[in-house]
Amino acid sequence: MSVIGYGYMIYMKIERYDLIIVGAGPAGLSAAIEAAKTGVNVVVFDENAKPGGQLFKQIHKFFGSKEHKAKIRGFKIGEELLKEANDLGVKVKLNATVVGMYDEHELTVRIGDEVRHYKGDAIIVATGASENMVTFKGWTKPGVIGAGAAQTMMNLHNIKPGNRVLMLGSGNVGLVVSYQLLQAGCEVVALVDAAPRIGGYGVHAAKVARCGVPFYLSHTIIAAEGDEKVTGVTIGEVGADWKIKPGTEKHFDVDTICLAVGLSPMSQLLKSVGCEMIEDPQKGGVVPKCNAYGETSIPGIYVAGDVSGIEEASSAMIEGRIAGIAAAEYLGYLNPEDRDREVALNEKALDTLRQGMFAPKNRGKLLDKTEEGIDISMNLLTKGYLAEEEIERYPGVIHTQGVHPVIECTQNIPCNPCQDSCPKGCIMIGKNITSLPVINKNNKCIGCGMCVASCSGQAIFLVNEHAGDGYATVTIPYEFLPLPKVGEKGKGLSRSGEEICEAEIIEVKSVPAFDNTRLVTMKVPEDMAMKARFYKAL
């Protein structure tokens with residue numbers, strides 16, 4: 001390559017690779033691994049100081065099945081992917097920003113103070129997505145941050161984003177980050193969304209609600225208050241015309257406003273090189289048109305992950321594998337038959353994740369029945385928790401003698417670790433991964449707690465409704481510090497976070513197999529056995 005300027009010519013050395021991957025997140029690393037397995041010489045560029053993308057911000061356990069890395073925390077999945085990539089000889093170049101993408105599969109990359117020139121026989125773009133923002137009065141004040149920024153501060157740098165936080169957005173990102181803010185010691189004063197229904201998984205909403213966080217649906221932010229930084233926020237209810245209803249204003253004293261209002265694919269590189277692009281609101285915005293292998297309109301350029309449509313990290317990893325396999329075939333390292341066999345297996349796994357109530361085909365729809373024909377909890381959709389009168393309708397809720405699981409998983413989510421974790425076969429989901437968990441009354445629960453610890457949604461409890469002397473015991477998943485101590489007395493909280501009874505801690509259990517989810521057993525009055533779902537120290 002030559003660049004002419006001021007009467008002289010500069011020659012830039014070109015470095016060549018079989019495959020260049022842009023982005024070292026879950027999709028990019030997965031693609032690199034699959035390609036490298038076939039012998040492809042792979043380099044991965046990422047603009048960040050650490051590889052792994054969003055995975056290293058994700059301290060929660062993943063949904064899905066074993067093949068989707070269910071019940072494993074995101075940062076551990078990232079560590080596994082990095083090790084596998086390193087073992088296969090994949091080169092990962094960090095603090096490396098791809099600043100240009102050109103014809104003939106060429107790129108320019110800024111590394112430190114230098115701009116370098118690379119050429120690949122194929123390219124996979126896995127640049128992910130950027131956070132959306134909304135504007136309101138005072139939205140540029142210090143203290144207004146994105147949910148991703150809050151996760152970065154907490155989970156990568158051990159910095160508390162604020163003391164009193166209001167979250168805008170009730171999708172999975174808003175729900176998960178709200179819970180992580182609580183874990184970091186922040187007070188989440190409210191979770192607000194302009195939509196009339198919670199957008200994310202009900203189990204994520206439920207674990208936030210039982211900590212006492214109120215939900216304000218059909219509300220949005222009117223203004224952030226404060227002179228030099230955020231000191232408060234005013235919200236208001238929106239009508240059918242999306243305008244604020246006069247007289248519905250509510251004020252909160254906060255020092256932080258966290259925004260989780262969606263993501264947009266970072267597809268600019270693909271557009272600049274001339275890939276055919278389409279506008280698809282279901283995928284989050286402008287995305288490249290691509291085939292089943294992730295190949296764009298330009299032969300040899302592939303995409304994977306959020307850059308091709310916003311989904312969960314589990315889906316991004318599978319899309320990455322498909323793109324890596326397809327690129328290996330394009331480069332001559334796989335024959336078409338082997339490519340199609342491997343891609344078909346991954347497409348089957350991907351299709352599994354795209355089923356249930358939260359499948360792409362159901363986005364924006366209000367479903368009133370589960371796959372089993374059970375009425376969906378409207379209370380859960382509008383307040384974040386199951387109403388007392390709704391509990392008994394679900395197959396995971398039973399009453400029997402002794403210790404037994406109570407499963408408050410009420411939506412068809414693709415997830416089955418509870419079934420796999422029970423050594424006695426007390427929990428059944430069946431072949432359809434989105435089916436609601438069912439208690440097998442013929443098998444005796446031994447109270448091991450593996451189901452409680454393995455549930456990615458923290459929706460399983462062990463209950464002994466008649467433990468003696470008018471008391472019951474409830475074992476809950478617990479991921480907060482400090483841990484309560486045996487003999488400690490506090491309050492039992494309801495699903496809505498209301499203090500409903502006295503509670504005494506009788507056991508705190510932690511074993512390596514629980515992966516840092518502690519099981520806390522509290523003694524409560526008998527009539528609170530099916531109501532107490534969290535513990536609050538005095």
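- If you check the side chains of Asn464 and Thr473, you find no donor sitting under 3.5 Å from an acceptor.
- In the displayed structure, Phe252 atom CZ is contacted under 6.0 Å by more than 12 heavy atoms of other residues, nucleotides or ligands.
- Counting heavy atoms from C-beta on, the side chains of His404 and Lys441 never come closer than 4.5 Å.
- In this structure a side-chain-to-backbone donor-acceptor pair under 3.5 Å is missing from Lys141 to Ala224.
- With Glu499 contributing its side chain and Lys491 its backbone, the two residues share no donor-acceptor pair below 3.5 Å.
- One N or O on the side chain of His219 and one on the backbone of Leu217 form a donor-acceptor pair closer than 3.5 Å.
- Of the inter-residue distances, the one linking Gln401 atom CD with Lys444 atom NZ reads 8.0 Å to the nearest 0.5 angstrom.
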Taking it one step at a time, do Lys69 and Ser314 satisfy side chain to side chain donor-acceptor pair (under 3.5 Å)? CA-CA 8 Å; Lys69 299 186 180 295; Ser314 300; over 6 Å; no
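- Atoms SG and CD1, on Cys455 and Ile407 in that order, are 8.0 Å from each other to the nearest 0.5 Å.
- Within the 4.5 Å cutoff, side-chain heavy atoms of Leu350 are placed close to those of Ser315.
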Using salt bridge (Lys or Arg N to Asp or Glu O under 4.0 Å), reason through Arg495 and Glu388 one step at a time and then give a plain yes or no. CA-CA 9 Å; Arg495 295 176 184 87; Glu388 294 295 333; 3.1 Å; yes
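- Met317 places a side-chain heavy atom less than 4.5 Å from the side chain of Phe62.
- Looking at Tyr535 and Glu488, their side chains come closer than 4.5 Å, going by heavy atoms from C-beta outward.
- No more than 12 heavy atoms of other residues, nucleotides or ligands shown are found within 6.0 angstrom of NZ on Lys489.
- Inter-residue side-chain proximity for Val192 and Val233 is flagged as unmet; no heavy-atom pair is nearer than 4.5 Å.
- The local environment of CD in Glu389 is crowded, with over 12 non-hydrogen atoms from other residues, nucleotides or ligands closer than 6.0 Å.
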In sequence, state the C-alpha distance, the side-chain angles, and the governing distance for Thr152 and Lys57, and then conclude on side chain to side chain contact (heavy atoms under 4.5 Å, CB included). CA-CA 6 Å; Thr152 300; Lys57 300 179 185 181; 2.8 Å; yes
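- Rounding to the nearest 0.5 Å places OG1 of Thr248 at 8.5 Å from CD1 of Ile235.
- With values rounded to the nearest 0.5 angstrom, Glu80 atom CD is found 8.5 Å from Glu84 atom CD.
- Lys509 places a side-chain N or O within donor-acceptor distance of the main-chain N or O of Cys448, the cut-off being under 3.5 Å.
- In this structure, CG on Leu462 lies 7.0 Å from CG on Leu519, to the nearest 0.5 angstrom.
- Here the options are Val474, Leu493, Ile476, the test is side-chain contact (heavy atoms from CB on, under 4.5 Å), and the partner is Arg533; only Val474 passes.
- Residues Glu392 and His399 have side chains that bring a donor and an acceptor to within less than 3.5 angstrom of each other.
- Distance alone, capped at 3.5 Å, places no donor-acceptor pair between the Lys424 side chain and the Ile446 backbone.
- Val452 has its side chain within reach of Ile460: a pair of non-hydrogen atoms, C-beta onward, lies under 4.5 Å apart.
- The closest side-chain heavy-atom distance from Ser65 to Thr352 is not below 4.5 Å.
- Taking the side chain as every heavy atom from C-beta outward, Leu175 and Tyr201 never approach each other to under 4.5 Å.
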Please report the C-alpha distance between Arg164 and Asp253 in whole Å, then the side-chain angles of each, then the deciding distance to 0.1 Å, and finally whether the salt bridge (Lys or Arg N to Asp or Glu O under 4.0 Å) criterion is met. CA-CA 7 Å; Arg164 288 174 56 84; Asp253 291 325; 5.6 Å; no
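- Between the Asp193 side chain and the Ile198 main chain, no donor and acceptor come within less than 3.5 Å of each other.
- A donor-acceptor contact shorter than 3.5 Å links the side chain of Glu131 to the backbone of Gly148.
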Worked check of side chain to side chain contact (heavy atoms under 4.5 Å, CB included) between Cys258 and Met167: CA-CA 5 Å; Cys258 198; Met167 175 66 71; 3.6 Å; yes
Could you give me the CA-CA distance, side-chain angles and deciding distance for Asp515 and Lys76, then say whether salt bridge (Lys or Arg N to Asp or Glu O under 4.0 Å) is met? CA-CA 11 Å; Asp515 189 16; Lys76 288 194 173 183; 2.9 Å; yes
Please step through side chain to side chain donor-acceptor pair (under 3.5 Å) for the pair Thr231 and Glu225, ending with a clear verdict. CA-CA 6 Å; Thr231 59; Glu225 297 151 8; 5.6 Å; no
Please report the C-alpha distance between Thr517 and Lys61 in whole Å, then the side-chain angles of each, then the deciding distance to 0.1 Å, and finally whether the side chain to side chain donor-acceptor pair (under 3.5 Å) criterion is met. CA-CA 10 Å; Thr517 298; Lys61 297 178 179 179; 3.0 Å; yes
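- Judged by distance alone, the side chain of Asp255 and the main-chain N or O of Gly162 form no donor-acceptor pair under 3.5 Å.
- Between the His68 side chain and the Ala349 main chain, a donor and an acceptor come within less than 3.5 Å of each other.
- A 6.0 Å sphere centred on CG of Asp87 holds more than 12 heavy atoms belonging to other residues, nucleotides or ligands.
- Remark: the Thr370 side chain and the Glu372 side chain contain an N/O donor-acceptor pair separated by less than 3.5 Å.
- Nearest approach of Leu263 to Ala129, heavy atoms of both residues: CB-CB, 3.9 Å.
- Distance check: Leu81 CG to Leu55 CG gives 6.5 Å after rounding to the nearest 0.5 Å.
- The 12-atom threshold is not exceeded at NZ of Lys137, counting heavy atoms of other residues, nucleotides or ligands nearer than 6.0 Å.
- The backbone N or O of Ser377 lies less than 3.5 Å from no partner atom in the side chain of Glu390, so there is not a single donor-acceptor pair.
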Stepwise ring-ring contact (aromatic ring centres under 6.0 Å, His included) check, Phe480 with Tyr179: CA-CA 10 Å; Phe480 292 89; Tyr179 191 73; 5.4 Å; yes
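- No hydrogens or angles considered: nothing links the side chains of Thr434 and Gln355 as a donor-acceptor pair under 3.5 Å.
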